[in-house]
Amino acid sequence: MASDPVTLNEFLTERLGAGGVVDDPNDLLRYITDWAGDHRGKPLLVARPRTTEEVAEIVAHCHCHGIPMVAQGGHTGLVGGAQPDAERPELVISLERLSRIREIDPLNFTISVDAGCVLQSVKDAAMEHDCDFPLSLGAQGSCQIGGNVSTNAGGLNVLRHGMMRQLVLGLEVVLPDGRVWNAMHALHKDNRGYDIKQLFIGAEGTLGIVTGAVLKLTPRAQATRTALVAVPDVAAALALYGQARRSCCDLLSAFELIPRACLELAFEAAPDLPDPFDTVYPVYVLLEVAASGSVDLDAMIEHLFEHGTTAGMVLDGVLAGSDAQAERLWQIRERMVEGQQLRGEHLRTDIALPISSLGDFFHTASRAMAARSPETMVIAYGHIGDGNLHFNLLPPADLDLAAKKTLLHDLEAALFSLVDDYHGSISAEHGIGRVKQTSFLNGLDATERELFEGIKALFDPDELMAAGRILPRTR
Ligand SMILES: Cc1cc2nc3c(=O)[nH]c(=O)nc-3n(C[C@H](O)[C@H](O)[C@H](O)COP(=O)(O)OP(=O)(O)OC[C@H]3O[C@@H](n4cnc5c(N)ncnc54)[C@H](O)[C@@H]3O)c2cc1C
């Protein structure tokens, strides 16, 4: 039996060399604590394979000896999936050394990569060939393609390019028993029966370890325009969205709702960040259009502003005149996330609704939260072009930690019950992990649960891989 750390360490060191195993308690810290510092796990050890074959060998060993394991990418996930379990120590298999760009085919508009490639490095590699990989998110300097696949990541450009599900053409996966499923196809059309790769996308590492992916590229945008638009309220923001989709020739690539309170949080995190307006407005929209051909984007935006102003949807607007100005506008969106972190304990959610219900939901949910806890601050922003709201809550600062946790737990239950009433989803893009498991299970009917459990049992009957994420452990 090789499940004790010493024997496992010997096996891993022999196969991977000294740099392939992490066992020093100080070095282990960054693999066991999540991005937000909310969760801390207990690993058996951390293995750092460099090739698919090494991953397969480690997994086969774990399968043979009943050793629980969990895959880890850039560790930016927000639902506690990548940290090792605190009660049943797992071998963390970090993909950070599987980081080769395998091939770029600019005519086929595809890139083939190791799963440990950091998202930004894939975007950079695509740019060198006059292409873009259009997944963009705040954590792109750290998150990895394998993590993006496994969480079905979304981000800022989903309304134009879709989520990871729409961007993956092929996958290579090490199954929980150590077999390698190689489907690194670079085909834009492929109707050979079941689309097995889709099972691994969004599976949060519960069905196998992704080691490679073939991703769709788009032509590199030759022109981009970014604007921050002040609007009277959320209803106007949604009306403007409908107009922008129709009048921007499908070139709209981002449409983010940012209420004033979010701007204030961004300024708290980055006091040097300038307010682009002299006047304070209640709600803003950050939008972007991008084109790869010769299109007059300025005329397009001006037309949208004029129409929006006449229709009472637009109060004011700033169109970035340079890349640096555009970057400063995007900084507002990025830094407000940091501002929330600085406020300490808070509730982060990631809900999806039909876009047409968003306005009504926004007001009903805000009223419901205020009725339960008037001092709690609602910070609701997000990718409204995808019907995705981060309806977050900052509890009163004067409560102690335990009281904050209890309050947020109750408010979350009330919020999710409303999401249900509106036929929405409690996870638009972050996934279930361990954090959302109870709410997720409450929303499954018997047939759905049977199908979920059947899929897990087919791939991982011994529950050794990422057990306890999405579904609870049964053993
Ligand atoms: C500031 C910030 C902004 C963010 N913005 C967005 C956003 O706009 N949109 C969005 O969708 N998400 C966002 N996220 C969440 C996060 O970045 C994504 O979920 C991302 O896809 C996680 O990738 P990762 O490599 O960090 O995965 P990790 O956190 O390491 O892992 C996430 C899950 O995937 C599994 N996993 C990781 N690698 C593999 C693999 N190779 N094979 C199998 N399973 C694996 C893990 O076990 C875990 O369950 C944000 C996070 C932060 C911190």
Side-chain angles (χ1 to χ4, degrees), residues 30-39 41 49 52 55 59 69-85 90 92-99 113-120 122 135-158 162-165 167 171-176 199-213 254 256 269 333-341 348 350 352 381-383 386 388 390 427-437 459-460 465-470:
R30 81 181 171 92
Y31 298 93
I32 61 176
T33 317
D34 72 326
W35 173 82
D38 293 342
H39 306 276
T52 302
V55 176
V59 172
M69 54 202 138
V70 63
Q72 192 172 97
H75 216 173
T76 65
L78 298 172
V79 289
Q83 290 73 245
D85 202 297
E90 295 163 318
V92 173
I93 302 180
S94 167
L95 279 292
E96 63 193 346
R97 296 206 298 175
L98 243 86
S99 55
V113 301
D114 279 356
C117 283
V118 169
L119 171 56
Q120 184 64 56
V122 173
L135 183 77
S136 299
L137 47 103
Q140 66 193 34
S142 312
C143 63
Q144 298 174 5
I145 294 300
N148 300 150
V149 170
S150 303
T151 57
N152 184 27
L156 301 166
N157 303 133
V158 171
M163 297 181 70
M164 214 47 189
R165 249 181 229 298
L167 297 172
L171 280 185
E172 178 188 79
V173 181
V174 173
L175 302 176
L199 279 176
F200 296 104
I201 304 174
E204 302 183 40
T206 58
L207 305 181
I209 299 185
V210 178
T211 48
E256 297 285 311
R333 175 65 179 80
E334 302 300 335
R335 302 304 287 269
M336 70 196 202
V337 178
E338 223 175 293
Q340 287 172 87
Q341 278 299 112
R348 269 193 316 268
D350 165 40
Y381 62 94
H383 319 302
D386 319 320
N388 177 191
H390 296 296
S427 174
E429 53 183 17
H430 295 164
I432 302 302
R434 283 184 285 229
V435 171
K436 303 244 184 75
Q437 191 177 73
F459 284 89
D460 184 23
M465 193 161 271
R469 283 77 168 179
I470 304 183

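Throughout, numbering of the chain's residues begins at 1 and tracks the sequence. Source: prediction; values computed, not measured. In each ligand, atom 1 is the first atom listed, and ligand 1 is the first ligand listed.
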Distance-only N or O hit between ligand 1 and Asn152, under 3.5 Å:
no
Atom 2 (C) of ligand 1: of Ala153, Ala82, Gly73, Ala139, the nearest heavy atom sits on Ala139
So for ligand 1, is Asn148 a polar contact partner (N or O within less than 3.5 Å, distance only)?
yes
Among protein heavy atoms, which lies nearest atom 35 (C) of ligand 1, and at what distance?
Ser150 CB, 3.9 Å
What I want to know is whether Cys143 and ligand 1 share at least one N or O pair that is separated by under 3.5 angstrom.
no
Would you say Glu90's side chain and Ala466's backbone share a donor-acceptor pair under 3.5 angstrom?
no
Quick one: nearest non-hydrogen protein atom to atom 9 (N) of ligand 1, plus distance?
Glu429 OE2, 3.0 Å
Considering only protein heavy atoms, which is closest to atom 27 (O) of ligand 1, and at what distance to one decimal place?
Gly147 CA, 3.5 Å
What atoms of ligand 1 come within less than 4.0 Å of a heavy atom belonging to Gly205?
43 (C), 44 (N)
Applying a 4.0 Å heavy-atom criterion (strictly less than), which segment of Ala71 is in contact with ligand 1: side chain, backbone, both, or neither?
both
Does any N or O in the side chain of Thr211 come within less than 3.5 Å of the main-chain N or O of Glu172, such that one atom is a donor and the other an acceptor?
yes
Ligand-residue contact atoms, ligand 1 with Leu95, heavy atoms, under 4.0 Å:
41 (N)
Taking atom 1 (C) of ligand 1 as the point of reference, which of Phe200, Trp35, Tyr31 owns the nearest heavy atom?
Trp35
Do any heavy atoms of Gly433 fall under 4.0 Å from ligand 1?
no
Side chain, backbone, both or neither: the part of Thr76 lying under 4.0 Å from ligand 1 by heavy atom:
both
Which heavy atom of the protein is the closest neighbour of atom 19 (O) of ligand 1, given with residue, atom name and distance?
Thr151 OG1, 3.4 Å
side-chain contact (heavy atoms from CB on, under 4.5 Å) between Phe200 and Leu175: does it pass, once the steps are laid out?
CA-CA 10 Å; Phe200 296 104; Leu175 302 176; 3.7 Å; yes
Return the closest protein heavy atom for atom 50 (C) of ligand 1 as residue, atom name and distance.
Leu78 CD1, 4.0 Å
Have a look at ligand 1 and work out which part of Met163, if any, has a heavy atom under 4.0 Å from it: side chain, backbone, both or neither.
neither
Any residue meeting salt bridge (charged side-chain N to carboxylate O under 4.0 Å, His left out) with Glu204, in chain and number order, not counting sequence neighbours:
none
In short, Pro49 meets Val55 closest at the heavy-atom pair CG-CG2, 3.5 Å
Proximal ligand 1 atoms for Gln144, defined as those under 4.0 Å from one of its heavy atoms
24 (P), 25 (O)
Against heavy atoms of Gly208, which atoms of ligand 1 measure under 4.0 Å?
43 (C)
Kindly confirm or rule out an N or O of Gly77 lying under 3.5 angstrom from an N or O of ligand 1.
yes
Distance to 0.1 Å, residue and atom name: give those for the protein heavy atom nearest to atom 11 (O) of ligand 1.
Gly154 N, 2.9 Å
Nearest heavy-atom contact between Asp114 and Ser99 is OD2-N, 3.4 Å
Tell me whether Arg434 contacts the main-chain N or O of Arg469 through its side chain, where contact means a donor paired with an acceptor under 3.5 Å.
no
Counting only N and O atoms by type, is there a donor-acceptor contact under 3.5 Å from the side chain of Glu256 to the main-chain atoms of Arg333?
no
Answer yes or no: is there a donor N or O on one side and an acceptor on the other, between the side chain of Asn388 and the main chain of Ala352, under 3.5 Å?
no
Relative to the ring of His390, is the ring of His430 parallel (under 30°), tilted (30 to 60°) or perpendicular (over 60°)?
parallel
Tell me: protein heavy atom nearest atom 49 (O) of ligand 1, and distance?
Glu204 O, 3.3 Å
Reported NE2-to-OG1 distance for the pair His75 and Thr33, which is rounded to 0.5 angstrom
7.0 Å
For ligand 1, does Glu334 get within less than 4.0 Å through its side chain, its backbone, both, or neither, judged by non-hydrogen atoms?
neither
Run the numbers on Asn148 and Leu119 for side-chain contact (heavy atoms from CB on, under 4.5 Å), then give the verdict.
CA-CA 8 Å; Asn148 300 150; Leu119 171 56; 3.7 Å; yes
Does even one non-hydrogen atom of Arg469 get within less than 4.0 Å of ligand 1?
no
How far is atom 6 (C) of ligand 1 from the closest protein heavy atom, and which atom is that?
Leu137 CB, 3.8 Å
Heavy-atom contacts under 4.0 Å between Val210 and ligand 1: side chain, backbone, both, or neither?
both
Ligand 1 atoms nearer than 4.0 angstrom to some heavy atom of Gly81 are 47 (O), 48 (C), 49 (O)
Set out, in order, the CA-CA distance, both residues' side-chain angles and the distance that settles side-chain hydrogen bond (donor to acceptor under 3.5 Å, both in side chains) for Ser136 and Asn157, then state yes or no.
CA-CA 7 Å; Ser136 299; Asn157 303 133; 3.1 Å; yes
Using modelled atom types only, decide if a donor and an acceptor are shared between the side chain of Arg165 and the backbone of Ile201 within a distance under 3.5 Å.
yes
Of all the atoms in ligand 1, which lie at a distance below 4.0 Å from a heavy atom belonging to Ile209?
42 (N), 43 (C)
Hey, is the main chain of Gly74 close enough, under 3.5 Å, to the side chain of Glu96 for a donor-acceptor pair?
no
Heavy-atom closest pair, residues Gly80 and Val435:
N-CG2, 4.0 Å
